**Student:** 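Supplied in structure tokens, the structure appears directly below.
Small disclaimer: the values here were computed from a predicted structure and weren't measured. Every number for a ligand or one of its atoms is a count from 1 in the order of the listing.
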Amino acid sequence: MNLLSNLVSVAEKSLPASPTSPHPYLPTQSSTVAAETDWLFEFMTWMSILSCAAIFGAMVYFVLKYRAKARAANETASATVEHNTTLELTWSIAPLFIVMALFVWGFKGFVVLRTTPAESLQVNVTAQKWKWLFTYANGCESDKLHVPKDTNVRTVMSSVDVIHSLYVPAFRVKMDAVPGRFSELWFNAKESGKFPLFCTEYCGDSHSDMITEVVVHETAEFDTWLEKCVTFTGAPHELGAKLYEERGCSTCHSVDGSIKVGPSFKGLFGKNESFADGSTLKVDENYLRESILQPQAKIVKGFAPAMPTYQGQLSDKQIEGLIAYIQTLK
Ligand code: CUA
């Protein structure tokens with residue numbers, strides 16, 4: 001994908017879902033913790049602006065008032081520095097109360113954000129260069145985070161490669177997904193709709209492609225979606241087409257012949273492929289299967305060995321679906 005169209009598509013996808021934010025410069029407050037977080041943020045911002053104005057104002061005032069050239073010829077600078085105890089105590093103690101208030105306020109919010117309610121809907125999250133995969137208890141898998149409204153949702157996250165970070169600005173929640181361990185996050189969405197979700201930890205070339213959506217459904221609608229999600233009844237190549245989008249293949253492999261991170265799928269099946277080690281092979285089912293499960297086994301000439309393995313992440317049926325889909329791309 002060329003840089004400009006990539007930037008434009010990211011900018012379009014980053015637009016807030018609905019313009020109901022009370023602050024023009026912040027996204028909508030669409031979770032239970034958003035309003036409180038914004039209050040604290042606003043308070044800190046205004047405190048900083050006021051102290052900044054007071055300090056720079058006083059500085060400019062003193063610079064003008066006490067500049068050397070205004071001093072009369074017979075006047076000399078005072079030999080000792082005078083001080084005003086009341087003034088010094090005031091400007092030391094007042095900020096102490098302000099920062100203590102900030103600490104208590106911030107700590108209370110932190111405890112809420114980090115204490116997942118016992119009754120929560122669990123969604124497992126797998127981060128990978130460069131896609132998100134959301135898995136539900138019934139086996140449903142999705143590239144978008146679907147959740148019901150007014151429900152506590154707990155996301156249990158991990159990464160298969162590098163550190164990624166899940167961020168939903170409209171919910172004011174963010175947490176890293178780290179390889180080799182689980183991290184968790186919870187939220188309760190207050191309004192239905194679609195909200196941008198993205199990776200906020202630079203994770204390589206297509207970091208900006210890790211932008212997707214949280215789809216907040218009305219409760220009854222969500223149950224229907226979840227049921228439908230797990231039972232796929234289409235033909236194998238239709239399953240493959242669905243997986244191509246959902247499992248992130250589209251990030252690196254085009255279907256129109258254009259070159260991305262990896263070779264295009266268009267006209268791939270049956271073609272004589274040349275590899276980095278000088279060997280060649282006619283692309284068949286076994287080669288495609290191997291490339292999905294052990295991507296490093298054969299590296300196509302002119303490409304970097306960048307693909308992660310899908311071993312343990314795709315069932316045989318899903319692999320067959322992808323192969324069937326690639327066969328349709330003549
Ligand atoms: Cu994943 Cu940035």
**Student:** What residues, two or more places apart in sequence or in another chain, satisfy side chain to side chain donor-acceptor pair (under 3.5 Å) together with E42?
**Tutor:**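 Only Y25 meet the side chain to side chain donor-acceptor pair (under 3.5 Å) criterion with E42.
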
**Student:** Using the disulfide bond (SG atoms under 2.5 Å apart) criterion, which residues pair with C140? Sequence neighbours excluded.
**Tutor:**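 With sequence neighbours excluded, C140 shows a disulfide bond (SG atoms under 2.5 Å apart) to C229, given in chain and number order.
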
**Student:** Ring centres of F187 and F195 under 6.0 Å apart?
**Tutor:**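 No, the ring of F187 stays outside the 6.0 Å limit from the ring of F195, centre to centre.
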
**Student:** What is the number of protein N, O or S atoms that sit under 2.8 Å away from atom 2 (Cu) of ligand 1?
**Tutor:**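 Total protein N/O/S atoms under 2.8 Å from atom 2 (Cu) of ligand 1: 4.
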
**Student:** If the plane angle is over 60° it's perpendicular, under 30° parallel, otherwise tilted; pick one for F110 and F107.
**Tutor:**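 Judged by the thresholds at 30° and 60°, the geometry between F110 and F107 is parallel.
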
**Student:** So Y244 and Y325, would you call those rings parallel, tilted or perpendicular, with 30° and 60° as cut-offs?
**Tutor:**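 Aromatic pair Y244/Y325 classed tilted.
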
**Student:** List the residues meeting ring-ring contact (aromatic ring centres under 6.0 Å, His included) with F182, not counting sequence neighbours, and say none if there are none.
**Tutor:**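 Result, ring-ring contact (aromatic ring centres under 6.0 Å, His included) vs F182: none returned.
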
